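Here the structure comes first, spelled out in structure tokens, and everything after it is commentary.
Just so it is clear: chains get the letters A, B, ... in the order the sequence lines come, proteins before strands, and each one is counted from 1. Fair warning: this is a prediction, and the values are worked out from it, not measured in the lab.
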2 protein chains.
Amino acid sequence: MNNKEKLRNAGLRPTKQRMIIANILLNGVNRHFTAENLQNEINSSGNSMSIATIYNCLKKFRNCGLIKQVESSKETAIFDTNINQHHHFLDEETGELIDIENEEINLFKLPEIPKGYMNSGVEVLIKLKRQI
Amino acid sequence: MNNKEKLRNAGLRPTKQRMIIANILLNGVNRHFTAENLQNEINSSGNSMSIATIYNCLKKFRNCGLIKQVESSKETAIFDTNINQHHHFLDEETGELIDIENEEINLFKLPEIPKGYMNSGVEVLIKLKRQI
DNA sequence: TTTTTACTTTAAAATCGTTCTAAACTACTT
DNA sequence: AAGTAGTTTAGAACGATTTTAAAGTAAAAA
């Protein structure tokens with residue numbers, strides 16, 4: 001399926017701007033990035049786009065499940081093109097995230113889900129310190 | 001050990017402001033809170049404190065291990081007086097966090113820690129959706 | 001005790017990421 | 001071709017957090 005179809009399937013109009021972003025993000029190589037990272041990449045590809053549009057697109061893409069947003073207490077929002085359930089290492093010093101594939105972690109015992117709720121995803125974060 | 005001693009042990013001068021905050025936070029009842037939450041509580045206890053001081057104190061307390069900061073992609077920093085390793089449910093709609101004690105979760109298989117790093121803590125986040 | 005020193009607090013300004021606004025634009029439908 | 005609903009934009013606004021620089025305070029030295 002090409003990117004135009006992906007956008008249409010997600011219920012999004014394939015505008016020029018969304019196609020530029022889709023072509024950067026949805027090429028099969030997984031990565032973590034911020035809105036600003038993406039703007040730099042758009043600029044250096046000879047295009048340009050308002051930061052408002054970039055945030056707008058990223059939110060739409062996330063709400064449609066085309067990308068994910070990582071749970072992390074960094075001041076800047078971090079997005080992830082890997083939409084499979086998976087986990088992360090976090091280098092606490094630099095803030096860098098490294099993917100951990102789902103099969104690498106096995107949760108053996110889970111607590112009871114509170115009444116009235118359902119489990120909508122489990123994220124494991126393994127914080128890393130540099131070895132002394 | 002009283003709060004003044006706790007501050008001294010942590011290498012922090014027990015100033016009037018730090019004592020006010022320590023008396024609110026370090027009383028053994030675990031809770032999640034933002035800087036603004038804490039300021040409201042200080043105000044309603046008849047004291048007052050600059051928001052800069054509050055942020056300052058919370059960062060120092062966190063760096064000394066007196067409190068923790070929760071990993072969460074909320075726009076506002078959330079702190080936690082529970083400094084034991086533990087986990088959280090996250091109500092994705094409201095942003096509310098609920099503690100999960102460490103024994104409630106059993107990680108059966110963990111990935112290999114990258115070379116040059118050591119594991120400095122594992123956090124599990126179980127995201128919750130309201131049941132339909 | 002007084003003096004000195006380093007650390008702390010403060011209000012206000014600055015900064016930074018993100019969202020809002022409202023006008024111009026564009027994809028799609030008729 | 002015309003209509004309409006959704007989209008993009010620059011710039012303003014916003015909210016959380018940090019910085020600034022001056023005044024205050026705790027602890028150490030004299």
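- Between B:Lys59 and D:dT18 there is a side-chain N or O to OP1 or OP2 distance below 4.0 Å.
- With D:dA16, D:dT9, C:dA12 as the candidates, the nucleotide lying closest to the side chain of B:Glu36 is D:dA16.
- Counting heavy atoms of neighbouring residues, nucleotides and ligands inside a 6.0 Å radius, atom CD of B:Glu101 exceeds 12 of them.
- Within the 4.5 Å cutoff, the side chain of A:Thr34 has no heavy atoms near those of the A:Lys74 side chain.
- In terms of hydrophobic clustering, with Ile, Leu, Val, Met, Phe, Trp and Tyr side chains grouped at heavy-atom distances under 4.5 Å, B:Leu90 and A:Ile78 are assigned to different clusters.
- Comparing B:Ile54 and A:Ile78 against DNA chain C, the residue whose closest nucleotide sits nearer the 5' end is B:Ile54.
- For D:dG6, the OP1/OP2 oxygens have no side-chain nitrogen or oxygen of A:Lys60 closer than 4.0 Å.
- Here the side chain of B:Ser50 is nearest to one of C:dC28, D:dT8, C:dT10, namely C:dT10.
- When each of C:dT10, C:dC28, D:dG11 is scored by its nearest atom to the side-chain atoms of A:Ala52, the top-ranked nucleotide is D:dG11.
- Along DNA chain D, the nucleotide nearest B:Thr15 and the nucleotide nearest B:Phe79 are compared for position; the residue whose nucleotide lies closer to the 5' end is B:Phe79.
- The CD1 atom of B:Ile20 sits 12 Å away from the C1' atom of C:dT9 (whole-angstrom rounding).
- Here the rule is side-chain hydrogen bond (donor to acceptor under 3.5 Å, both in side chains) with B:Asp99, and of B:Asn84, B:Asn30, B:Asn82 only B:Asn82 fits it.
- Going from atom CG of A:Leu12 over to atom P of D:dA5 covers 19 Å, rounded to whole Å.
- The B:Arg13 side chain lies nearest to C:dC7 when the options are C:dC28, C:dC7, C:dC20.
- A straight line from CD1 of A:Ile21 to C1' of D:dT7 spans 12 Å, rounded to a whole angstrom.
- Straight-line distance from the CD1 atom of A:Ile51 to the P atom of D:dT8: 14 Å, rounded to whole Å.
- Which of C:dC28, C:dT10, D:dT9 sits closest to the side chain of B:Met49 comes down to C:dT10.
- The residue A:Lys74 sits apart from the nucleic acid: no heavy atom pair falls under 4.0 Å.
- Residue pairs meeting the side-chain hydrogen bond (donor to acceptor under 3.5 Å, both in side chains) criterion with at least one partner in residues 118-132 of chain B, sequence neighbours excluded, are A:Glu92-B:Ser120, A:Tyr117-B:Arg130, A:Glu123-B:Lys127, A:Lys127-B:Glu123, B:Glu93-B:Arg130.
- Between B:Gln17 and C:dT10 there is a side-chain polar atom (N or O) within less than 4.0 angstrom of OP1 or OP2.
- Nearer the 5' end of DNA chain D, as judged by each residue's closest nucleotide, is the contact made by B:Thr76, out of B:Thr76 and B:Asn56.
- Between the CG atom of B:Asn63 and the C1' atom of C:dT8 there is a distance of 16 Å, rounded to whole Å.
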